[in-house]
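Throughout, a chain's letter reflects where its sequence line sits, starting with A, and its residues are numbered from 1.
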Amino acid sequence: MSRRNLLAMLVILIFIAAAAGSYFFMRNFSQAEKQVPLSPVQSPLMQAGDITVLRIYQPRGGRLEMIEKKIPKRISSTAIAEAVIEEFFRQPLAEGVSGIPLNVKLLGLYKDEAQMLYIDLSDEVRRNFQGDALSEYLLLSGIYKSLVSNVQDFQDVKMLVEGRELETLGGHFYLKYPLKDMLTTELRGDTRI
Amino acid sequence: MKKLLILFIVGLLTASPLFAEEKKEVSLRFSRQGNIIRVVLESYDNFILNANIADTLSSIKIEFPALFQLKKPKDFIFETSLKDRLLIIAMKNIGEIRTYKLSSPARIVFDLTLAQNTNKEQSPKPELNPELKPDLKTEPTPELKPEAKPEQPVEAQAVPKLYVIDAGHGGYDYGILSNDSKEKDLNLLLTKDLSAALSKKGNKIFLTRKVDQSLSILERIILGNSRNPYIFISLHSSASNAFVVYTGTVDEPSTEASVLLYSLSARQRRHIEKSRALAKAIGTSLKAEFKEDVVTREMPLPILNSMDSTAVLIEYPSLQLNTYDQQMRNRVANAILKGIQSYE
């Protein structure tokens, strides 16, 4: 084979390689633009029946504010309760929300025979709580109200921290007793002087 | 020589578990309030949890799960003796013993009532265990029996008024944190300033804590009620830039058992009007002094709802947004004092 033929073959090979490269690059690039990650609830394959809408009550501006959060369908009440607690503490939802401690993990959730719902949270709920009496009240009642609004088959809620019963979370309210009766007291509004 | 070395190493390995069995430290402290002597033993969680207690009116025997070292104040009023894992506290003149195992920090608390006072009230009392019985919140502790109340107005004219001031948080519970200060410390400083201002007016003061120490809500309630105060004030920081004066929340009376069981307002019910009037008077005085936002708020705070006296919880504007030097603290203390005076 002459030197001229060799050169021609080399040019052809370079051309084919460049064409193939640009084809694959363009293909991937254009697909990446199209493939915006869809959340499970936005997926066109998911029907309305596959969704559970949670009502989460979070403290904002000195009161509880309800937001709706769509999650993939959960059937058992325990799974829904788990989702409620996870969504309650989830960032960035919880960022900037007054009185919600950051980085809190749900360690466990279970019901006993008396239908008492135990929620076991990581120690961050205590360590990262920085608030006054109102913040603590709103945090505890937000958790309770969020659970009551989404799950019906429990009598009361008891909060544990790292599997243990604490006397108080932030030094203002008892944590060693179930939450219902302490938090369902009808509060009168503030009186400004 | 080689054999000796091997023997030495083997001996060392065999003896090492003995060295590993380190003696745990148990610290003992005590305090006296009226006719009640409180003895507290503090140590590690498991050490306290697994301790066995046997008490009589003349001695308390505590068997710990392992060897321990006792650290106690030199002026401890009872004799103590140690025998292996056993601690014996020998006592005299004790009429009643109440024992509590508490957590965070783990501790055993003995409330020892002196004999001469218990002779007066021999009526049977319900067994109260603060850790196990939720209805403790509704039931007055022995020191707070309502029967003692009618004597108060007669005594009030003869003796100076007693104020119980509670510095919120303390010990491992820091409260709200600012760059260089902690709420627990500021609460204590403000408490002392308010105490000084009230003392100057001839009042008697009792502080639930005088130093940086952990106190549970229940301990504060017991301490507060045991003094039968004229007024109870708890001091905390707000998270906002406003003064907030809290009173307890009194529910409508209910006959439902479950509501009664958890009702937090049994003790405070008969004082609530006075507590509201005091909150308003203090709030007005703070407003006049600081021109800041001042609100009064009702909330089912256990420390207020369980208090058997006129009781308020005052939150000063957040320490994250304000500087509390001595001058500022004096202003706060004097404004509260003026509020109390106008309430009277």
Quiz item: Ion pair present between B/D173 and A/R126, side-chain N to carboxylate O less than 4.0 angstrom?
Solution: no
Practice problem: Determine whether more than 12 heavy atoms belonging to other residues, nucleotides or ligands lie under 6.0 Å from atom NZ of B/K287. | Solution: yes
Quiz item: Checking B/Y246 against chain A: side chain, backbone, both or neither under 4.5 Å from a heavy atom?
Solution: side chain
Quiz item: Rounded to the nearest 0.5 Å, how far apart are CZ of A/F129 and CD1 of B/I176?
Solution: 7.5 Å
Quiz item: More than 12 non-hydrogen atoms from neighbouring residues, nucleotides or ligands closer than 6.0 Å to NZ on A/K111, yes or no?
Solution: yes
Quiz item: For the residue pair B/H169 and A/H172, does the interplanar ring angle fall in the parallel (under 30°), tilted (30 to 60°) or perpendicular (over 60°) class?
Solution: perpendicular
Quiz prompt | Residues which pass ring pair (Phe, Tyr, Trp, His ring centres under 6.0 Å) with B/Y324, listed by chain and number, not counting sequence neighbours | solution = B/Y316
Exercise. First locate atom CG of A/D190, then atom CG of B/D293, and finally report the distance between them rounded to the nearest 0.5 Å.
Key: 10.0 Å
Quiz prompt | Part of B/S238 lying under 4.5 Å from any heavy atom of chain A | solution = both
Quiz item: For the atom pair CG (A/L166) and OG (B/S216), what is the distance rounded to the nearest 0.5 Å?
Solution: 12.5 Å
Quiz item: Should we say atom CG of A/L13 is surrounded by more than 12 heavy atoms from elsewhere, each under 6.0 Å from it?
Solution: yes
Self-check item: Sequence-distant partners of B/T296, side-chain hydrogen bond (donor to acceptor under 3.5 Å, both in side chains), two or more places apart
Solution: none
Quiz item: What heavy-atom pair brings A/D132 and B/E315 nearest, and what distance separates the two atoms?
Solution: CB-OE2, 3.3 Å
Practice problem: Using non-hydrogen atoms and a 4.5 Å limit, figure out which bit of B/E298 sits close to chain A: side chain, backbone, both or neither. | Solution: both
Exercise. Heavy-atom distances under 4.5 Å only: say whether A/T191 touches chain B with side chain, backbone, both or neither.
Key: both
Quiz item: Rounded to the nearest 0.5 Å, how far does CE of B/M299 lie from CD of A/E136?
Solution: 10.0 Å
Quiz prompt | Contact origin within B/I217 toward chain A - heavy atom pairs under 4.5 Å | solution = both
Self-check item: Where A/F173 and B/P300 come nearest, the two heavy atoms and their spacing
Solution: CE2-O, 3.4 Å
Quiz item: Contact part of B/S318 toward chain A, heavy-atom cut-off under 4.5 Å: side chain, backbone, both or neither?
Solution: neither
